[in-house]
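Reviewing the structure listed below.
Hydrogens, waters and symmetry mates are skipped; everything else that's a heavy atom, side chains included, is used.
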Amino acid sequence: MKVVRVDLLEREITPCGRCIGKARICLSTGENIVVDCTFPFAGVGGLHGLNSLFARAAIRQMKRLPEFAGTSLEIAKHAMPRAMEWA
């Protein structure tokens with residue numbers, strides 16, 4: 001199974017220093033999985049670093065889902081999150 005894209009749907013930095021939000025993982029099979037993510041924000045290097053951590057957290061969350069546990073995942077070269085538009 002191959003991850004072709006990871007989109008950031010929501011993202012917020014909490015006052016206690018965590019990044020929380022939702023991400024959509026698009027698979028080569030056409031399936032889209034939406035997962036909730038949370039991870040510590042301290043030490044992240046800019047927006048690119050934050051997006052990279054967010055994408056990795058989303059993939060880890062997907063691998064924890066029973067239907068994907070034990071499945072090997074290949075990540076496409078350009079599967080990193082696209083730029084978010086801030087309101």
Which distance, rounded to the nearest 0.5 Å, do you find between the CZ of R5 and the SG of C26?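 Interatomic distance, R5 CZ to C26 SG, rounded to 0.5 Å: 4.0 Å.
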Using 0.5 Å steps for rounding, measure from the CE atom of M62 to the CD1 atom of I25.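 Answer rounded to 0.5 Å: 5.0 Å.
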Sequence neighbours excluded - salt bridge (charged side-chain N to carboxylate O under 4.0 Å, His left out) pairs with any residue from residues 50-60: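 Sorted result for residues 50-60: empty, none.
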What pairs of donor and acceptor atoms, side-chain ones from residues 63-74 against any protein atom, are under 3.5 angstrom apart with sequence neighbours left out?
{"from": "R64", "atom 1": "NH1", "to": "Q61", "atom 2": "OE1", "distance (Å)": "2.3"}
{"from": "T71", "atom 1": "OG1", "to": "F68", "atom 2": "O", "distance (Å)": "2.9"}

Pairwise side-chain contact, V4 with L27, heavy-atom cut-off 4.5 Å (strictly under):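 V4 does not reach L27 side chain to side chain.
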Heavy-atom side-chain contact between R11 and N51 under 4.5 Å: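 Touching, per the 4.5 Å side-chain cut-off.
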Are I20 and F39 co-members of a hydrophobic cluster defined by side-chain heavy atoms under 4.5 Å apart?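 No; tracing contacts between hydrophobic side chains, which count when under 4.5 Å, never links both residues.
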In a table with atom names and distances, give each donor-acceptor pair under 3.5 Å that connects a side chain of residues 30-38 to protein atoms at least two apart or in another chain.
{"from": "D36", "atom 1": "OD1", "to": "K22", "atom 2": "NZ", "distance (Å)": "2.6"}
{"from": "T38", "atom 1": "OG1", "to": "R18", "atom 2": "NE", "distance (Å)": "3.1"}
{"from": "T38", "atom 1": "OG1", "to": "R18", "atom 2": "NH2", "distance (Å)": "3.3"}

